[in-house]
Amino acid sequence: MTEKQAPAHKRNLTRRKVVVAGGAAVAAVGVGGGIAATANAGQTKDTATSTASAGSAETCYKLTSETTEGPYYIDADKLRTDITEDKEGIPLTLRIKVIDSETCKPLRNAAVDVWHCDALGIYSGYESLSTGGGGGGMPSGAPTGEPPSGTPTGMPTDMPTDMPSGGPGGGGGGVHEEPTDDERYLRGTWRTDKQGYVTFKTIFPGWYQGRCVHIHTKVHVGGEWADTGYEGGNTCHTGQFFFDEEAVLASAEVEPYSTSTTERTTLTEDTIYDQSGTQGGLLKLKYKKKDIAKGVVATITVGVDPEATHEGTEDSVQPGGGPGTASPSASAAS
């Protein structure tokens, strides 16, 4: 999160404060019971272990955390902490702490949304728009046999040369798409406790063309909880969480991730992540280094301004500066 000037959508992001969660918060969550501390980006295994023994020590600093919402957000209608719905993949426990960026005090009863693609890059609610990348063969109803010979005739000659490419459905940045189906796996909303924590049970996300592995999130405050979801208030944060390359490479050796035929965008190539480590949403990960399939624990602390509104649809947080201006490489579904 180099000396090069960042693109406009990164330079204009609102600055926020964040607390880097102490190791005690990480150690408080376990998967199975045989999880060993592993390195985050630029961190050795020994360092990660010593961090975990540092207790509750916390450091405040600024965070550029506001990002695009992406096209596949569905308003909070699944109030739950287990969002897996039996989807196949590496078990992931995601623990988020939400704090007031000015006071560094925990925010209680905030509504936190999380959503992400499955192990093969498919988003629930948008399966028909998702390209994924599984090795399962052609979809049902696809044409078979040899492709027709010859060049098609009657094709337009004035097609634009800068059409967007990549991600599920080729979605452009934060331009919202209406859901195409009723599936809601790997989506959920839950409230923070009095210490500002909320924990979700899910799977390690896969990848799709044009984006690195990531999880979307929103934080809402000032509203009311209802049986049908969280209503009213304001969205004070829209962001994304990221995974270090070591963990992603390890996941790619495990089925069903290993069946993906989609070219993967690395963390350093991503157009949304700003390369600032934990400050930019990079998760702290714990897992058994030689057996990631057993499960991963991911933690992060996010600072928000409860009085602000950040829907993730503002031009300043769109790839390339806003809808309609995204470059081809930045226009994959975010």
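Basis for what follows: all heavy atoms, side chains included, without hydrogens, waters or symmetry-related copies.
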| query | So, are Glu85 and Arg184 salt-bridged, with charged N and O less than 4.0 Å apart? | reply |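 Arg184 and Glu85: not salt-bridged.
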Rounded to the nearest 0.5 Å, what separation is found between the [atom1] atom of [X] and the [atom2] atom of [Y]?
X      : Y      : atom1 : atom2 : value
Glu69  : His216 : CD    : NE2   : 9.0 Å
Lys201 : Thr93  : NZ    : OG1   : 7.5 Å
Asp118 : Tyr208 : CG    : OH    : 11.5 Å
Tyr197 : Ile99  : OH    : CD1   : 10.0 Å
Thr67  : Tyr273 : OG1   : OH    : 13.0 Å
Glu263 : Gln209 : CD    : CD    : 6.5 Å

Can you tell if the side chain of [X] reaches within under 4.5 Å of the side chain of [Y], non-hydrogen atoms only?
X      : Y      : answer
Thr180 : Leu129 : yes
Val213 : Phe242 : no
Asp193 : Val198 : no
Val302 : Val112 : no
Val114 : Trp190 : no
Val297 : Tyr287 : no
Ile122 : Tyr185 : yes
Thr265 : Arg211 : no

Can you check whether [Y]'s main-chain N or O pairs, donor with acceptor, with [X]'s side chain at less than 3.5 Å?
X      : Y      : answer
Asp270 : Cys212 : yes
Thr192 : Ala110 : yes
Asp113 : Thr217 : no
Ser260 : Tyr257 : no

| task | Could you check Ser124 against Arg187 for side-chain contact (heavy atoms from CB on, under 4.5 Å), going step by step and ending with a plain yes or no? | result | CA-CA 8 Å; Ser124 66; Arg187 298 177 180 272; 2.9 Å; yes
Minimum heavy-atom distance [X]-[Y], with the two atoms named:
X      : Y      : answer
Leu120 : Pro256 : CD2-O, 3.4 Å
Val221 : Pro306 : CG2-O, 3.5 Å
Ala298 : Leu92  : CB-CD1, 3.9 Å
Pro91  : Lys294 : CG-O, 4.2 Å
Val254 : Ala293 : CG1-CB, 4.1 Å
Ala247 : Ile292 : O-CD1, 3.6 Å

Donor-acceptor side-chain pairing of [X] and [Y] below 3.5 angstrom:
X      : Y      : result
Thr202 : His116 : yes
Ser101 : Asp305 : no
Asn234 : His220 : no
Thr299 : Lys284 : no
His237 : Glu66  : yes
Thr266 : Glu269 : yes
Thr228 : Glu231 : yes

| field | Sub-6.0 Å ring centroid separation between Trp115 and Tyr73 | value | yes
| said: Could you walk me through whether Glu245 and Arg264 satisfy the salt bridge (Lys or Arg N to Asp or Glu O under 4.0 Å) test, starting with their C-alpha distance in whole Å, then the side-chain angles of each, then the deciding distance to 0.1 Å, before giving a yes or no? | reply: CA-CA 11 Å; Glu245 281 295 299; Arg264 188 175 65 82; 2.9 Å; yes
| said: Would you say that more than 12 heavy atoms from the other residues, nucleotides or ligands in this model lie under 6.0 Å from the CZ of Arg108, or not? | reply: no
| Counting only heavy atoms not in Glu255, do more than 12 sit closer than 6.0 Å to its CD atom? | no
| field | Intermediate values then yes/no, side-chain contact (heavy atoms from CB on, under 4.5 Å), Leu94 and Leu283 | value | CA-CA 9 Å; Leu94 175 63; Leu283 293 162; 3.9 Å; yes
| Honestly, is Arg95 close enough over Phe200, meaning NZ or CZ under 6.0 Å from the six-membered ring centre and within 45° of the axis? | no
| field | Residues Ile203, Thr84; criterion side-chain contact (heavy atoms from CB on, under 4.5 Å); working and verdict | value | CA-CA 7 Å; Ile203 63 169; Thr84 309; 3.9 Å; yes
| Step-by-step side chain to side chain donor-acceptor pair (under 3.5 Å) determination, Lys218 to Thr238 | CA-CA 4 Å; Lys218 282 179 177 284; Thr238 298; 3.0 Å; yes
| query | When the ring planes of Phe204 and Phe243 are compared, do they come out parallel, tilted or perpendicular, using 30° and 60° as the limits? | reply | tilted
| Hey, what's the ring geometry for Tyr230 with Trp225, parallel, tilted or perpendicular (30° and 60° as the breaks)? | perpendicular
| request: Could you check Ile272 against Thr68 for side-chain contact (heavy atoms from CB on, under 4.5 Å), going step by step and ending with a plain yes or no? | output: CA-CA 8 Å; Ile272 304 297; Thr68 178; 3.8 Å; yes
